[in-house]
Amino acid sequence: MKIYNSSEEALDCVHTGQTIMVGGFGLVGGPLTLIDTLVELDVKDLTIISNNLGEQGKGLGKLLEQNKVKKAIGSYFTGNRDVGDAFQRGEIEIELLPQGTLSESIRAGGAGIAGYYTKTSFGTDLSKGKETKVFNGEEYVLEEALKADIAIIRAYKADTLGNLIYYKTARNFNPLMATAAKTVIVEVDEIVEAGELKSDEIATPHLFVDRIILAKKILTKEGVIEHG
Amino acid sequence: MKIYNSSEEALDCVHTGQTIMVGGFGLVGGPLTLIDTLVELDVKDLTIISNNLGEQGKGLGKLLEQNKVKKAIGSYFTGNRDVGDAFQRGEIEIELLPQGTLSESIRAGGAGIAGYYTKTSFGTDLSKGKETKVFNGEEYVLEEALKADIAIIRAYKADTLGNLIYYKTARNFNPLMATAAKTVIVEVDEIVEAGELKSDEIATPHLFVDRIILAKKILTKEGVIEHG
Amino acid sequence: MANPIQEAIAKRAAQELEQGQIVNLGIGIPTLVANYVEHNHVYLHTENGMLGVEDVTEEEIDPNIVNAGKFTVGEAIGASYFDSAASFAMIRGGHIDVAILGVLQVDEQARIANWAVPGKNIIGVGGAMDLLVGARKVIVTTTHTSKDGKSKILKECNYPITSTRNVDTVITDLAVFKYIDGQLHLVELMPGADLETVEANTEATFVNSLK
Amino acid sequence: MANPIQEAIAKRAAQELEQGQIVNLGIGIPTLVANYVEHNHVYLHTENGMLGVEDVTEEEIDPNIVNAGKFTVGEAIGASYFDSAASFAMIRGGHIDVAILGVLQVDEQARIANWAVPGKNIIGVGGAMDLLVGARKVIVTTTHTSKDGKSKILKECNYPITSTRNVDTVITDLAVFKYIDGQLHLVELMPGADLETVEANTEATFVNSLK
C-alpha cells in the first residue's frame, strides 16, 4: 500500500479498455475527488461498474458525455437520462442488475466465487437468457461474479497500513469493491497512524488496499465542497 | 428479541430431530454456557453444524457420547477421535466440508443464496458426487447453502435491542450462524443499553437475534471458569 | 409535501405494521409511511445499508445518512450500518418482515410491475426485485388509477413484472385488497370511497370480502 | 520446542518471503516460520479470522486470540479481525500472497496430500483445500522421509490429494525443490545434505538444477 499526494498520480494505472468499479450510492460514499480526475483522463472504452452513472453532465455522467464509456453495469441509471439516450442510440452497452445481485456479484468476485444462485429476477425480463436451477422446489437464477481492473472507492479513515473504516451509509458498495479489483484506490477523509483504528472495528483489512489519497472533495449539508 | 435469565429457558425451543448450528472455533468463541445446557436436554437425532465437535467427552463431544447426534456437518473433527469411531461404527453421518466452504455455505443460507461455485475441493475426494461447472476455463464445484432451526452462538456484548459485537478471534463462525437459523440464541459477556454500541461497529444488527443470555462460562488464560 | 391522497394511503399502510417488525420502505408513497409510525413501534431498514432509520430535523441533517431514495434521514438509538451485500443478504435471506413498495401496476394474481415502462428511456431497477423475493410480507401502495384515469389494478400487468411473487396487500386511495388463496379480495374501502367507484376503476376481477 | 530438523526447514521457508507479503501459515512446521520472520517484514493471516498475527509473551496472552492451530498468539499493530466467511473470501479470492503448508506427501506434479490418511480414523480438512486453490504462491514444508524412512516425495500421492493445484516450492530437511514448467527441479541442498542422499530418498523424478 502506498499513500499518494494527488489523485492524478494515484490514477496513473488507469488505461483505455479497462473495467473500473466506482463506489458510492449517488454522491453518498462516492470517491468524488477520484471521479473528478478520472473524467479528465485520456482513456476510453471503459466498462464502469457502479450502482448509478452520475447525473447528466456531473460526476460519472461526464465520462458518458465524453463517449469514454463502452459499457455500464449497474442497478439504477434512472437519475441520468443520458444513459437511456446513449443506450437507445447504440452508443453504450448496459447490463442492468438488481441492486442485491450487483452487490452480491461484486462480493463473489472478491471472494473467489464464480457464480451463485439467487431467486431475485427469476421470471422477469432481467433474467432472460440466464441459467436457472431448482433448489428445494424453488427456481433460482445463476448470476456470475464481477471483477475489475481498478476500483476507486471512498472510506472515512485509513491507517498508514491501509486498513479502512467507513462512515454511516457512505459504506454501501465501497468495502465490496475493495475486494474485487486488481488495483484498489481509496480516497479518505483522514489518514491516521497504524494502531489508531480499533482492531475489531476495521471494516476493510489492509490486504485489499493498494493506493490511498486524501479526499479534496467532501459532501456536506451544503453540497460538495473543496477541501485541503 | 428477548433476554432470558437462564440457558434452560433460552433453549426451550430445541427439539428432537432439529438442525443446530453451534458457533466457535474450538473453545474460542464457543457458546460454552448454552452447549453445557444443550447436552443435558432430552433430545436426540440432532444434526449439528459446527467447525468441530468438541473433544472426547467435552462440550459437543458429550452429545456424541450420549448418541444424540444423527449427523455432523463440519470441517475439522480431528480433535475428537470419538467422531471417527462413531462414523466407522455407522452411528453417525458425517459431512466433511473445507472450512471455507462450511463458512460460505452458512453465509449463503442466511443470505438467500441457494448454492454457489467454488474452486475449493475440485478434483478431490470431498467433491465426489458434486456438480461441477466451468467458468472462464476453470473448474468449480457447486456447493449448497446450509441453514438450521437453531443457532447457538457467542458474542462479546449485546445491547438491549439485540445488536451484537464480537471479540477478536472469538468472532469466527458466530456472525454467520446468526444469519442462518430460524431461532438465534446468543450468550454474551455483557448486555449494555441500546445506543452504547457504536452504530458503525455493530457486527450483527438486531434483526438477526432472537434470544440472549448472559454467559456463565468464560474462557480465561486459566481455562473455562464459572462466572456470575 | 406530498398530496393528501398519498398521505392517506401511507397512513393506511402504517396500520398494517405490528410492534417490533423490521420494515423496508420503498421510494415514493412508502417513504411517507414513516410519518405515521409511532416511535419505537417498528424498525426501519433501508437497503443502501442501515437499520434504524428515523426522521431528522433540519439542524441534525448528516449528508452521509440517507435512505434508498437518497433523502437524508435520522439515526434511531441502536441503529447500525452495513455494506450493500450484507443489506441485500438480509433482504433475500428472509430477515425483513415487511416491505412496502410503490407500484405502477398490480394484476389479479397480485403480481406487480414497478421498474420499467415500455418505450420510456429510463433504465433502473434498484432493490425492488430483491425485496419482492425476500420480504416475508409485501404491501404495495399506489393511486388506484393513473393520471389519465386508467386502472392500475389490471387483469394482467402489461409493463414488465418485477417478480413472479404475489404481494400480500394492495393499498390504494380507494380500497384495500388482500391476496388470499389465489384471488384478490377487496377487504376495505378507503374513507370517502364506495364500492361502485372501486368496481368502475378496477380492471382486475376481485372477490368482494367487505364486512 | 520443536526439533532442530523442523526449525531448519522453517528457517529456510522464511527466506522465501518478501517484504510486505500477506502470508498464511499452516499447522505444524509452518507455524514455526513466524519465529524466523523479521518484525514488520510480512503480515501474517490466520484463517480463523485475523490479519496481523504476532508472537505473544506469557503475560500478554489473551485466550481469545488464537491462530488456526488454536494456539494463542499476539496482535500486531494494525491487526484486524473478521468472520470465517470473510477470512476464506480473502483466501479463495486470491488476496493471500503466500501460504506455507505442511504435507504428508508431494508428488512429481507438485500436487500434495495433507488432509487424510487411508485407514486412519481421523476426519478433518480445515482450511487446507481453500489455501491451495486461493493463495498466489504455495510453499510446502515436510521432512523428506516418514518416520519409517519412506520417501514423502513420490511419483504419485497415494493418500487423497488436497487439490489439483501444483505447489510452487517444496522445502524438506534435505532439499528445496521448485515446480517449473511441469517438473520438479532440485534447486538447493539443505545444510549438511548431499545430492546422493536426496536421490536415494526421493521417489519422484526431478530435474537437477543445482547451480
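Every chain is numbered from 1, with letters handed out A, B, ... down the list of sequences. FYI, side chains are in, hydrogens and waters are out, and symmetry mates aren't considered; it's all heavy atoms of this structure.
Side-chain contact between C:W115 and A:L126 is present, with heavy atoms from C-beta onward closer than 4.5 Å. For the pair C:F88 and A:E104, the minimum side-chain heavy-atom distance is 4.5 Å or more. No side-chain heavy atom of C:V133 sits less than 4.5 Å from a side-chain heavy atom of A:F122.
Counting heavy atoms of neighbouring residues, nucleotides and ligands inside a 6.0 Å radius, atom CG of C:D148 exceeds 12 of them. Within 6.0 Å of the NZ atom in A:K58, the count of heavy atoms belonging to other residues, nucleotides or ligands does not exceed 12. Atom NZ of A:K147 sits in a sparse spot, with 12 or fewer heavy atoms from other residues, nucleotides or ligands closer than 6.0 Å. Counting non-hydrogen atoms of neighbouring residues, nucleotides and ligands closer than 6.0 angstrom, the CG atom of A:N136 reaches no more than 12 such neighbours. Within 6.0 Å of atom CZ in A:F135, more than 12 heavy atoms from other residues, nucleotides or ligands are found, so the atom counts as buried in its surroundings. Within a 6.0 Å sphere centred on CG of C:L104, other residues, nucleotides and ligands contribute more than 12 heavy atoms. Atom CD of C:Q19 is surrounded by more than 12 heavy atoms from other residues, nucleotides or ligands within 6.0 Å.
How far CD1 of C:I122 is from CG of A:N80: 11.5 Å, rounded to the nearest 0.5 Å. Here the straight-line distance linking atom OG1 of A:T101 with atom CG of C:D130 works out to 5.0 Å at 0.5 Å rounding. We find the CZ-NZ distance between A:R81 and C:K120 to be 7.0 Å, quoted to the nearest 0.5 Å. To the nearest 0.5 Å, atoms CE (C:M129) and CG (A:L96) are separated by 7.5 Å.
Interface check for chain C: of the options A:G74, A:A203, A:S75, the most heavy-atom pairs under 4.5 Å are formed by A:S75. By number of non-hydrogen pairs under 4.5 angstrom with chain A, the leading residue of C:D62, C:I91, C:L132, C:T162 is C:D62. In terms of heavy-atom pairs under 4.5 angstrom with chain A, the leader among C:I161, C:T164, C:N48 is C:N48. Listed options C:G49, C:S84, C:A68, C:G124 were ranked by heavy-atom pairs under 4.5 angstrom with chain A; first place goes to C:S84. Between chain C and the residues A:E222, A:R171, A:E139, A:Q99, the largest count of heavy-atom pairs under 4.5 Å involves A:Q99.
Using a 4.5 Å cut-off between heavy atoms, A:L97 contacts chain C through its backbone alone, with no side-chain atom that close. Looking at A:L176, only its side chain comes within 4.5 Å of chain C, counting heavy atoms on both sides. Heavy atoms closer than 4.5 Å to chain C are found in the side chain of A:P175, but not in its backbone. Interface residue A:F87: only side-chain heavy atoms are found under 4.5 Å from chain C.
Nearest heavy-atom pair, C:R92 versus A:G100, reported as atom, atom and distance to 0.1 Å: NH1-O, 3.4 Å. For C:V66 against A:F25, the heavy-atom pair with the smallest separation is CG2-CD2, 4.4 Å. Nearest approach of C:N64 to A:T169, heavy atoms of both residues: O-OG1, 2.6 Å. The minimum heavy-atom distance linking A:N172 with C:D83 is given by the pair O-CB, 3.3 Å.
The backbone N or O of C:E59 sits less than 3.5 Å from a side-chain atom of A:K221, completing a donor-acceptor pair. Listed for the C:K70 side chain is no donor-acceptor partner under 3.5 Å among the backbone atoms of A:L27. Judged by distance alone, the side chain of A:D125 and the main-chain N or O of C:P160 form no donor-acceptor pair under 3.5 Å.
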Q: Kindly determine whether C:R165 and A:K119 satisfy side chain to side chain contact (heavy atoms under 4.5 Å, CB included), including the steps that lead there.
A: CA-CA 10 Å; C:R165 184 239 178 102; A:K119 262 195 263 189; over 6 Å; no
